[in-house]
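Below is one structure, written out as structure tokens; the observations come after it.
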Amino acid sequence: RTALEAVDLGVRYRGGWALRDCSFRVPAGRVCALVGPNGAGKSTLLSLAAGLRKPSAGRLSVLGGAPGGADVRPRVAYVAQDNPLYPHFTVAETLRLGRELNPGSWDQAAAERFVHEGGAGGGVRPGARVDSLSGGQRRRVALAFALAKRPELLLLDEPMSDLDPLVRHEMMAALMAQAAEHATTVVIASHVIAELEGACDYLLLIADGRVRLAGEVEDLLSAH
Ligand code: ADP
Ligand code: ADP
């Protein structure tokens with residue numbers, strides 16, 4: 001099965017092409033690192049996969065269907081880089097909303113586990129307003145919100161940026177554990193390759209809007 005498949009995919013903004021002639025396939029069940037320098041086109045690709053933007057050229061299929069389509073959208077969770085959530089909601093209200101938006105699939109226990117379980121950056125109180133949380137705590141709530149939806153595909157845009165290394169390591173480990181438990185395909189964009197080392201088994205490297213390298217990490221390492 002295929003999580004993402006791009007064929008000659010292109011996206012043009014006013015300023016020019018942000019993605020160009022991109023063809024690649026990410027098999028289902030992988031944890032895929034989407035790496036490349038700032039401005040490479042990572043966010044553009046994720047927003048396309050989330051169905052928030054349309055290609056200017058070529059095509060992208062997500063879980064075998066159209067990104068954002070009625071049969072695909074409920075199976076995909078996307079955490080944008082500046083995950084705003086709902087600043088005036090409390091943590092508990094945020095999770096309640098998630099449950100209402102995702103009837104049937106919402107895993108409240110998983111959400112609470114991810115938000116509240118100890119460790120650095122933990123200790124988020126259910127009654128705390130989202131806009132009173134630290135960046136790391138807010139990120140934790142946003143990731144919990146996405147995970148609790150039990151998506152088949154989880155799209156994360158720089159999820160660990162601005163976090164101190166200890167928190168980053170713990171959140172990454174918790175995220176990977178939950179993804180593995182449910183065989184969730186994860187695509188994680190980052191401009192810091194080291195952040196993803198050891199966590200990913202698939203690599204998509206883009207630079208200047210073009211795919212430079214794509215494949216199983218194992219194959220890429222043994223071939224060179
Ligand atoms: P990355 O996430 O890898 O940093 P982006 O996808 O954000 O890259 O951006 C790719 C290129 O497209 C950059 O040159 C960026 O300035 C440009 N870009 C991104 N979003 C827009 C937009 N909404 N309008 C115009 N240009 C944009
Ligand atoms: P990233 O590089 O990680 O994608 P940015 O700070 O470039 O983050 O982008 C933040 C927001 O600004 C995004 O919504 C993106 O689409 C938009 N954006 C980025 N570059 C441009 C641009 N050149 N013109 C207009 N909007 C842009």
Side-chain angles (χ1 to χ4, degrees), residues 3-26 30-63 66-69 72-73 76-85 135-136 138-140 142-143 145-147 151 153-165 167-168 171-172 175-176 179 184-217 220:
L4 288 182
E5 184 163 32
V7 180
D8 301 329
L9 182 66
V11 173
R12 186 175 48 203
Y13 292 120
R14 274 176 212 278
W17 291 86
L19 291 175
R20 216 165 182 166
D21 301 327
C22 291
S23 297
F24 61 84
R25 187 181 101 87
V26 178
R30 301 299 192 284
V31 176
C32 173
L34 172 58
V35 295
N38 283 322
K42 304 182 296 296
S43 295
T44 299
L45 179 56
L46 291 183
S47 62
L48 225 61
L52 303 176
R53 203 188 287 292
K54 297 268 177 253
S56 316
R59 62 184 175 79
L60 177 69
S61 77
V62 175
L63 300 173
V72 172
R73 202 188 165 95
V76 177
Y78 166 62
V79 181
Q81 195 170 4
D82 53 353
N83 48 64
L85 290 168
R138 215 173 310 163
R139 198 69 60 91
R140 188 179 275 258
L143 289 171
F145 192 87
L147 278 169
L153 175 63
L154 182 55
L155 305 167
L156 306 174
D157 199 348
E158 302 268 4
M160 305 298 159
S161 62
D162 321 322
L163 300 184
D164 72 59
V167 178
R168 187 183 302 164
M171 278 178 54
M172 196 71 175
L175 188 62
M176 290 307 125
T184 309
T185 306
V186 188
V187 180
I188 311 180
S190 177
H191 65 284
V192 185
I193 296 184
E195 197 171 285
L196 304 173
E197 198 183 338
C200 300
D201 47 19
Y202 206 86
L203 180 70
L204 202 54
L205 173 65
I206 61 176
D208 206 14
R210 293 175 193 268
V211 174
R212 302 302 167 117
L213 196 60
E216 308 281 351
V217 167
L220 294 170

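All residue numbers in this chain count up from 1 along the given sequence. Start at 1 and go down the list; that is how both ligands and their atoms are numbered.
- Considering backbone and side-chain N/O of Arg53, none are found under 3.5 Å from N/O of ligand 1.
- For Arg12, the CZ atom counts as loosely surrounded, since its 6.0 Å shell holds 12 or fewer non-hydrogen atoms of other residues, nucleotides or ligands.
- Contact record, Leu147 with Pro151: O-CD, 3.7 Å, taken as the closest heavy-atom pair.
- In the displayed structure, Arg73 atom CZ is contacted under 6.0 Å by at most 12 heavy atoms of other residues, nucleotides or ligands.
- If you check each of Gly15, Ala40, Gly39, Ala207 against atom 11 (C) of ligand 1, the one with the closest non-hydrogen atom is Gly39.
- Looking at ligand 1, you won't find any N or O of Asn38 less than 3.5 Å from one of its N or O atoms.
- Closest of all the heavy-atom pairs between Pro159 and Ala189 is CD-O, 3.7 Å.
- Comparing Ala18, Gly16, Gly41 by heavy-atom distance to atom 8 (O) of ligand 1, the nearest is Gly41.
- If you number the atoms of ligand 1 from 1 as listed, the ones under 4.0 Å from a heavy atom of Ser43 come out as 1 (P), 2 (O), 6 (O), 7 (O).
- Just one residue in the list Leu46, Ile188, Asp157, Leu205 forms a side-chain contact (heavy atoms from CB on, under 4.5 Å) with Leu34, and that residue is Leu46.
- Between Thr44 and ligand 1, an N or O atom pair is found at a separation short of 3.5 Å.
- Of all non-hydrogen atoms in Ile206 and Gly41, the two that sit nearest each other are CD1-C, 3.6 Å.
- Proximity of Pro37 to ligand 1 is established by a heavy-atom distance of less than 4.0 Å.
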